[in-house]
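Residues: numbered from 1 along the sequence shown. All values derive from a computational prediction rather than experimental measurement.
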Amino acid sequence: MGNKSHGLKHGWTLIAHKSFTLFTNANAYIVVDSDHDTVMHFKVTDSELDMISVNWGLNFKVILGFKTIKIMELPDDE
């Protein structure tokens with residue numbers, strides 16, 4: 001499947017296909033797809049996940065018990 005796990009601050013984890021790129025600034029993150037479009041912008045703290053913006057139709061789930069965000073999308077060519 002080609003997923004990659006990214007350790008975030010405050011014990012959070014992002015799991016996404018390796019074709020996505022993660023950028024960070026302090027506690028804020030953006031995820032960019034292979035077309036260079038921002039698909040998700042969010043912030044994390046020890047007890048909160050703040051979704052600032054998410055592209056329409058992005059398939060993802062948040063697993064609160066494990067502080068995990070999982071992007072379910074796959075690239076078009078897979």
Engineer: Show which residues join Phe23 in its hydrophobic cluster (side-chain heavy-atom contacts under 4.5 Å, direct or indirect), or state none.
Structural biologist: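 Its cluster partners, ordered by chain and number, are Ile30, Val32.
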Engineer: Share the residues that join Ile63 in a hydrophobic cluster, the rule being Ile, Leu, Val, Met, Phe, Trp or Tyr side chains under 4.5 Å apart at the heavy-atom level.
Structural biologist: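 When side chains under 4.5 Å apart are linked, the cluster holding Ile63 also contains Phe66.
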Engineer: Of Leu14, Val31, Ile69, Thr13, which meets side chain to side chain contact (heavy atoms under 4.5 Å, CB included) against His6?
Structural biologist: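 Exactly one candidate clears the test, Leu14.
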Engineer: How many angstroms lie between atom CG of Asp50 and atom CG of Asn27, to the nearest 0.5 angstrom?
Structural biologist: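 Reported value, rounded in 0.5 Å steps: 11.0 Å.
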Engineer: Checking Ser19 now: which residues fulfil side chain to side chain donor-acceptor pair (under 3.5 Å) with it, not counting sequence neighbours?
Structural biologist: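 By the side chain to side chain donor-acceptor pair (under 3.5 Å) rule, Ser19 matches His17.
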Engineer: Over all heavy atoms of both residues, which pair between Glu73 and Asn59 is shortest? Give the atoms and the distance, please.
Structural biologist: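 Shortest heavy-atom separation between Glu73 and Asn59 comes out as OE2-N, 2.8 Å.
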Engineer: Are Ile52 and Val62 grouped together when hydrophobic residues (ILVMFWY) are joined by side-chain heavy atoms under 4.5 angstrom apart?
Structural biologist: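 Cluster IDs for Ile52 and Val62 differ.
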Engineer: Report the distance from atom NZ of Lys4 to atom NZ of Lys18, rounding to the nearest 0.5 Å.
Structural biologist: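 Interatomic distance, Lys4 NZ to Lys18 NZ, rounded to 0.5 Å: 10.0 Å.
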Engineer: Can you get from Met51 to Leu8 by hopping between Ile, Leu, Val, Met, Phe, Trp and Tyr side chains that sit under 4.5 Å apart?
Structural biologist: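 Yes, Met51 connects to Leu8 through the hydrophobic network.
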Engineer: Show me the donor-acceptor pairs, under 3.5 Å and distance only, between side chains in residues 36-49 and residues at least two apart or in other chains.
Structural biologist:
| unit_1 | atom_1 | unit_2 | atom_2 | d |
| --- | --- | --- | --- | --- |
| Thr45 | OG1 | Ser47 | N | 3.3 |
| Thr45 | OG1 | Glu48 | N | 3.0 |
| Asp46 | OD1 | Lys67 | NZ | 3.0 |

Engineer: Kindly compute the distance separating CG (Asn3) from CZ (Phe20), expressed to the nearest 0.5 Å.
Structural biologist: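 Rounded to the nearest 0.5 Å, the CG-CZ separation comes to 9.5 Å.
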